Amino acid sequence: MWLWFAKLGSPKWFYELSSKWLPWLVGAMAITLAVATVWALLYLPPDYQQGFTSRILIVHVAVAGTSLAFFPLMAVAGTITLVWKMKLADMVAKNAAALGAWFSFITLATGSIWGSVSWGTWWEWSDSRLVSMLFQFFLLLGVVSLRSALEDSDKAAKACALLSIVGCINVVVIKYSVEWWNTLHQPASPVSIESGSANGPEFWIATALMILGVYLFMSVSLILSTRNEILRRERRALWVQELLHESD
Amino acid sequence: MKPHRRKMLGIILFIAFGLSAAVGLTLYALSQNINMFFTPTQVAQGEVPAGQHFRIGGMVKDGSIAREADSLSVNFVTTDFASEVPIHYVGILPDLFREGQGIVAEGIVDAGGVFQASKVLAKHDENYMSPEVKAALDAAGASAENHSAASEGGSL
C-alpha cells in the first residue's frame, strides 16, 4: 500500500501513465462536450417561464459545480505536500489555482448574464451565494499571487497548501448558502426520473452530460499543465533528458 | 506513519477544525444580516425597525396586480401565505414578474403601511419544465404554480 502511494508521488511514473491515459481522456472529453453542447444549445426544450434563457444554466451549473472541486483538490494536494512532502502533489496544486479562478470567473459571468434577464439584475451584493462565489474567485487569485510573491518555492508551496485547506471552508459556505439563508439565487434542483414532470430527464440529462464533460475538461487541463510542470521542474533529471533527446 | 508526519497532520486538522468552528459561529451570529430579505410575516411581527430601508421577499398574490394605464406605476400584494404586505413600485419589472412568482423588493414602508419599492427583482424557483409539461400539469388540475408556490413558501 505504501509502495503504491510512493509510486504515485513519482513524477516520472505519473508522466508515463498520463501519456497512456491522455488520448482516451481527450477523446471522451471531446465526445461528451460536443454532445452536451449541441443538445443543450440546440435541442433542450425551453423553460415555461424563462424560454430559451434556461439554456445558459446548463453551462452555468456545470462550470459552477466543477469550480467547487478545486479547493478540495488543492487541499488534498496541500495536505500531501505538508505531511508527506511529495513533489507531485504541489505540481498539481500549482496549476489548479489558476484554472479554478477561470472556472469561478465563468460561473460568475454566465450567472450574471442569466440574472440580468431573469432576475432583473446583474449583481446583488446582498445575496450570499453570489458573494461567496466571488470570494472563491478572489481567494483563488490570492493563491496564485501568493505563490508568485514568495521566491522560495518550498515556502510558497507550504503557504499555498495552508491557504487551500482554509479555502475549503468557503466551498461549504457556497454550497449551503442557498439553504442556510434566504437568497435571490435558487437552490439546487431536485431531479425527477419521470418524463413530463418538473426537472424531468429532458432537462437534467443534458446537464449531467455537460457536468461530466466539464469535469473531463478540468482533468485534461490539469494533467497537461502538471506534465509541463514536471518537465520544467525535473529538467535536470536523467529521464527527462532522455525523453527530450528521443523527440529530437 | 512517522511521528513528525503524524504531528504535521495533527496541526493541519487542528487548524482546519478550529477555523471551521470560528467561521461557522461567526456566520451563525451574523445570519440575520446575511439573509437577503425579510418575509411578510417578519414585517407584520415588527421585526424590521420602523423607517428603515430593507428588502422584502415573498410571492406575488394571485389577482393582486393593478397597473396604472398611463404610467409605469404598479401596485401588488406580496404574501408568504401567513401575512401580506402591499407594494407600490414605479418602473420596469423583470420578465419573470407575474402572479404567483417569488419576488424580492427593496424599499421602505410608508406611513400608510404600503411598501414603497425602489427595485423589484424576480426569483426563479428550482423547478424547470417545458411549456408542454406545464400545460399538461395545468390541465391535470395539479397547478404547477401552486405547487411551486407551496415549495417556495416553505423555503422563504
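Because only heavy atoms are used, hydrogens play no part in the values below, and waters and symmetry mates are left out as well, while side chains stay in. Since this is a predicted model, take the numbers as computed values, not measurements. Throughout, a chain's letter reflects where its sequence line sits, starting with A, and its residues are numbered from 1.
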>> Using a 6.0 Å cut-off, check whether atom CD of A:E151 has over 12 heavy atoms from anything other than its own residue.
In response: no

>> I'd like to verify something: which residue of A:D127, A:T121, A:L82 has the highest number of heavy-atom pairs under 4.5 Å with chain B?
In response: A:L82

> Can B:D80 and B:T41 be counted as having a side-chain donor-acceptor contact under 3.5 angstrom?
Replying inline: yes

> Which residue out of B:L27, B:I12, B:I34, B:V120 racks up the most heavy-atom pairs below 4.5 Å with chain A?
Replying inline: B:I34

>> Check this for me, if you would: do A:R233 and A:D90 make a salt bridge, where the nitrogen-to-carboxylate-oxygen distance has to be below 4.0 angstrom?
In response: yes

> Any luck finding a side-chain donor-acceptor pair between B:E68 and B:S71 under 3.5 Å?
Replying inline: yes

> Which bit of A:L184 is near chain B, if near means a heavy-atom gap under 4.5 Å: side chain, backbone, both or neither?
Replying inline: both

> For the ring pair B:F76 and B:Y89, is the centre-to-centre distance below 6.0 Å?
Replying inline: no

> What part of B:R55 gets closer than 4.5 Å to chain A, counting heavy atoms only: side chain, backbone, both or neither?
Replying inline: side chain

> Is it the backbone or the side chain of A:V117 that comes under 4.5 Å from a heavy atom of chain B, or both, or neither?
Replying inline: both

> Can you say whether A:L57 sits under 4.5 Å from chain B via the side chain, the backbone, both, or neither, judging by heavy atoms?
Replying inline: side chain

> Can you say whether B:K7 sits under 4.5 Å from chain A via the side chain, the backbone, both, or neither, judging by heavy atoms?
Replying inline: neither

> Under 30°, 30 to 60°, or over 60°: which ring-plane class applies to A:W180 and A:Y176, parallel, tilted or perpendicular?
Replying inline: parallel

> What residue, out of B:L19, B:V104, B:N33, B:L93, has the most heavy-atom pairs lying under 4.5 Å from chain A?
Replying inline: B:L19

> With only heavy atoms counted, which part of A:E179 is less than 4.5 Å from chain B, the side chain, the backbone, both or neither?
Replying inline: neither

> What part of A:A188 is in contact with chain B, defined as an atom under 4.5 angstrom from a non-hydrogen atom: side chain, backbone, both or neither?
Replying inline: backbone

>> Among B:D95, B:L96, B:V23, B:I15, which residue has the highest count of heavy-atom pairs closer than 4.5 Å to chain A?
In response: B:L96

> Are the charged groups of A:K87 and A:D154 less than 4.0 angstrom apart, N to O?
Replying inline: no

> Do the ring planes of B:F54 and B:F115 sit parallel (below 30°), tilted (30 to 60°) or perpendicular (above 60°)?
Replying inline: perpendicular

